[in-house]
Amino acid sequence: MFDVQGFILVGGASRRMGQDKAQLRLGPETMLERVADRLSPVTSSVTLVGSPRAYSGNSLPTVPDVYEKWGALGGIHAALSAAKTDWIVVVACDLPFVTRDLFERLKSLAGESVDAIVPLQPDGRPQPVCALYRRETCLPKIERLVSAGEHTPRTLLANVRTRYVEFTELEDLPGAENFFMNLNTPEDFARAKW
């Protein structure tokens, strides 16, 4: 298998949640710890993308956004800018039900003919903050999009060779029904705690 670095996006403002989502606990682990624990077995390293000051007490290295307040596209850009490998895995900290199996499945689809590997949720929407990106092609494309004032990852996906992974290609994995349960609000969090 090839070498891939992992990056966890923690730089969001958490406005709807009202507090830092990454530090919320689901059982014995914070959401950040859960994601890092599932990501680390399939990557050579795990790095946070967000404010180094906010996560200075964390054992994981942190890289800041190059383009502050640029949302998920800015986070993906920061991860690609910091990457030393050709491919990276990017995942948002508010997707605490991702698994090692999911990352291994996505990683297995990487190849010379694609630049991004993006799963589709059961409703068919792409999930660009739980995806793989090729540094060589995606980084310069994002820089051009940012220069043009673009903020959405979906525009990036439309401008590179994206391999969309149908949910039917993932649904055999344990826990697949919850992979893309995004915890943005206190109500989402309450539901996730069962």
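In this text the structure is predicted, and so the values were computed from the model without any measurement. Position 1 is the first residue of the sequence; numbering continues from there.
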side-chain contact (heavy atoms from CB on, under 4.5 Å) partner of Pro96, chosen from Arg38, Met181, Glu29, Met31: Met31
Compare every heavy atom of [Y] with every heavy atom of [X], then report the nearest pair and how far apart it is.
X: Val63; Y: Ala82; answer: CG1-CB, 3.8 Å
X: Ala116; Y: Leu157; answer: CB-CD2, 4.1 Å
X: Glu169; Y: Arg105; answer: O-NH1, 2.6 Å
X: Phe97; Y: Asn178; answer: CB-O, 3.2 Å
X: Ala72; Y: Pro153; answer: CB-CG, 3.7 Å
X: Val35; Y: Leu95; answer: CG2-O, 3.6 Å

Under a 4.5 Å cut-off applied to non-hydrogen side-chain atoms, are [X] and [Y] in contact?
X: Gln5; Y: Ser45; value: yes
X: Val42; Y: Val89; value: no
X: Val49; Y: Val90; value: no
X: Leu80; Y: Ile88; value: yes
X: Val66; Y: Glu143; value: no
X: Pro119; Y: Leu106; value: yes
X: Phe179; Y: Cys130; value: no

Point-to-point distance, once rounded to the nearest 0.5 Å, from [atom1] of [X] to [atom2] of [Y]:
X: Ile8; Y: Thr47; atom1: CD1; atom2: OG1; value: 9.0 Å
X: Asp115; Y: Trp87; atom1: CG; atom2: CH2; value: 6.5 Å
X: Leu132; Y: Ser108; atom1: CG; atom2: OG; value: 9.5 Å
X: Thr137; Y: Ile142; atom1: OG1; atom2: CD1; value: 9.5 Å
X: Asp94; Y: Leu9; atom1: CG; atom2: CG; value: 9.0 Å
X: Arg144; Y: Leu156; atom1: CZ; atom2: CG; value: 10.5 Å

Check the orientation of His151 and Trp70. Use parallel for under 30°, tilted for 30 to 60°, and perpendicular for over 60°. parallel
Would Val165 and Leu109 count as a side-chain contact (heavy atoms from CB on, under 4.5 Å) if you check the C-alpha gap in whole Å, the side-chain angles of each, and the deciding distance to 0.1 Å? CA-CA 9 Å; Val165 184; Leu109 299 171; 3.5 Å; yes
Verdict with reasoning, Leu120 to Arg125, per side-chain contact (heavy atoms from CB on, under 4.5 Å): CA-CA 5 Å; Leu120 298 176; Arg125 289 185 305 144; over 6 Å; no
Hey, is the main chain of [Y] close enough, under 3.5 Å, to the side chain of [X] for a donor-acceptor pair?
X: Asn159; Y: Thr155; value: yes
X: Arg134; Y: Val114; value: yes
X: Lys141; Y: Val160; value: no
X: Tyr133; Y: Pro128; value: yes
X: Thr162; Y: Tyr164; value: no

Please determine whether the number of non-hydrogen atoms from other residues, nucleotides or ligands lying under 6.0 Å from atom CD of Glu177 exceeds 12. yes
Could you walk me through whether Phe103 and Val4 satisfy the side-chain contact (heavy atoms from CB on, under 4.5 Å) test, starting with their C-alpha distance in whole Å, then the side-chain angles of each, then the deciding distance to 0.1 Å, before giving a yes or no? CA-CA 11 Å; Phe103 296 130; Val4 174; over 6 Å; no
Check against side-chain contact (heavy atoms from CB on, under 4.5 Å), Thr152 and Leu73: CA-CA 6 Å; Thr152 65; Leu73 187 63; over 6 Å; no
Can we say Asp86 and Arg135 salt-bridge, meaning some charged N sits less than 4.0 Å from an Asp/Glu carboxylate O? no
Ignoring hydrogens and geometry beyond distance, is a side-chain donor-acceptor pair present between Asp3 and Thr85 at under 3.5 Å? no
